[in-house]
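Heavy-atom basis, side chains included; hydrogens, waters and symmetry copies ignored. Just so we're on the same page: letters track the sequence lines, and every chain starts at 1.
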Amino acid sequence: MMRDSHARLERLTSMLRRRGVILPAFEIHGGVAGLFDFGPIGGRLRRRLKNAWLEHWSSHGNIVEIDSPTITPESVLIASGHVGEFNDYMSECCACNGAFRSDHLVEGLHPNPDILTAEELNSIITDNSIPCPSCGTAEWKPPQPMNLMFDTQIGAMKGGRTAYMRPETAQGMFMLFPALYRHFRNRLPFGAVQSGKGYRNEISPRQGMIRLREFNMAELEYFIDPETKPAHDFSKWNDVTFSLVPDPEFGGPVEMTPGKASDENIIRHPTVAWFMARTWDFLVDVGIHPSKIRFRQHEGTEMAHYATDCWDAEIHGSYGWIECVGIAHRGCYDLAAHESATGDKNLRAWRPYDTPKVVDKTILAGIGSVIGPAFKSKAGMVNSALEALDDLPKSFPFKLILDDGSTVTIESEMVEEKHIQNTEHGEWFLPHVVEPAFGIDRILWHVLDHAFEETEKGGETYTVLRLRPTVAPIDVAVLPLMEKDGLQSISEDIHQLICSTKNLASYYDGSGSIGRRYARADEVGVPWALTIDHETLENGTVTIRRRDDGKQIRSQPQDIITALTTNTIDELF
RNA sequence: GCGGAUGUAGUGAAGGGGUUAUCACCUGAGGUUUCCAACCUCAUGUCACGGGUUCAAAUCCCGUCGUCCGCACCA
């Protein structure tokens, strides 16, 4: 069984190379691990998958697309926590050469190993003679920094500003929070999506498309008011059960509807549950088998530095269960971090009170003509200290402590009692954010993996890529039954016509037997094949063949194009 | 990053110190046939890269890079 699935994986990757879908990059220069090219078929497939993703989210009406730079100044990633998180130290064992994360070795010996320097880690490791987990020896080389981000310099000359290629696209959305807030006329909830490249300098990328050094990601940041109870309608998913694998601390795997999982607090936040459901919709839409999707909750120990709850959508394929989407409740972590790093006050949202809060207060107000001459340059501080008094003194004179720590004596003739009324109409708060983050390459891989079907035809294996029409890179194959008697030029005209139709792609294939050409089209997942034959010369009709069952009907090319663009082609059959 | 295996056309493989590197599929041209990988003829294209040994290296040796398996790593 294992051997069979391994052989299938090899046949699939061979086909992807041979047909120009996905290929190792820079191969004529020896190749680079973790970098891949998308060929003519793969490029379109990825484009369609991304478009499907963007359309899926923009259909909500309060989610917009943005695009931000991949080069990111260091300070942004220090604030976000990535510089700390992505710069771990590794210790190497002198005896067996095993490499381990230094902070993992000293776990339990220090409350927060993450923050230790190389020297501190080294001394804890040597002082405690920590044994090597694989060979037991307690001799270590000094910890070496391991930087998982690609670094670079902004500015061509020496002394430029340090920057990194972004390890995620999320920070771009946080940077744009003020603009988004204005765009949505100061009203939560709203979201922003971005799809683009991310970079991680993996130590040893393996498993093909699963771990890449440069990858396509698509992230959504959905900003919410933590005090508004979200109203999500889960009734749409009442007849689908999700496979849920909660943190073992909270219980074993269950199958249930997202609505019920939310009601029973297995998924702690309704918005997280709702995004899980919408994610499930997306994955199924682009051709992932529903039975091969499960949601796994992160355990406390593996939770990223920013998250308060996190569910991964995992997809099962040739490499087992693989995390393809992470849906994290990040709380206000990022906005708070950037606020405290920059002092910028625009990362908050305004929450009006239902009824304004009226605060009645009796205060002692300084009498300017007395306070001024009495305290001179300190008069301002005295006034503000008086206003800030919560409990009015019972008698005069009394001592008043100023902001600078000094004490002054206040006499009764310096002040008068005043009633003031303050009306607060609302407050500024840091929005919370729910972040679904999609690994496009991993999803794309599984779309191919699930679509790749090997059947038998006349004793030979026959390969069909059962891609959904929404993601299929090519919509139509145009095939003249033979390239003579004028069939060729009609076919080329039809091919041109289809290619010039918006959102449709056709490819022309005139060589080899008709059966061979159907097979070639099936192998890369072309859903429809038009064949031009002698009857076309008489009445203009062509045959259209459906990939998934080989069924054919006759119709006019223009009617077929209309049906394709309106997504009603199946009605012709 | 460590250990083991490995690198030959687009794909999959065989071979191997000595003239022009082999096979199948694939791809292209011509012929024939015409609706599901038919056939015939011809053609294109390959020894990962760099260095060394040698009269001669795709072959032996070393290094680099890549790939696979195991360990470790994987916000």
For the pair made of CZ in Arg213(A) and P in C65(B), what is the distance, rounded to whole Å? 11 Å

ring-ring contact (aromatic ring centres under 6.0 Å, His included) assessment of Phe215(A) paired with Tyr199(A): CA-CA 6 Å; Phe215(A) 48 95; Tyr199(A) 302 85; 7.4 Å; no

Checking G66(B), A37(B), U11(B) against the side chain of Ala33(A) (C-beta onward), the nearest is G66(B)

Please measure how far the P atom in G50(B) lies from the corresponding atom in A57(B), and state the result in whole Å. 14 Å

Tell me whether the OP1 or OP2 atom of U34(B) has a side-chain N or O from Ser513(A) closer than 4.0 Å. no

Would you please confirm or rule out a distance under 4.0 Å between OP1 or OP2 of G28(B) and any side-chain N or O of Ser511(A)? yes

Taking only the side-chain nitrogens and oxygens of Arg516(A), find out if one of them lies under 4.0 Å from OP1 or OP2 of U34(B). no

Looking only at side-chain N and O atoms, does Arg211(A) come under 4.0 Å of OP1 or OP2 in C74(B)? no

Given the structure, check if the side chain of Asp533(A) and the base of C35(B) hold any donor-acceptor pair shorter than 3.5 Å. yes

For the side chain of Tyr462(A), counting heavy atoms from C-beta on, which of G10(B), A37(B), C35(B) is nearest? A37(B)

Whole-Å distance, His6(A) NE2 to C68(B) P, equals 9 Å

Is any side-chain N or O of Glu202(A) under 3.5 Å from a base N or O of C74(B), one able to act as donor and the other as acceptor? no

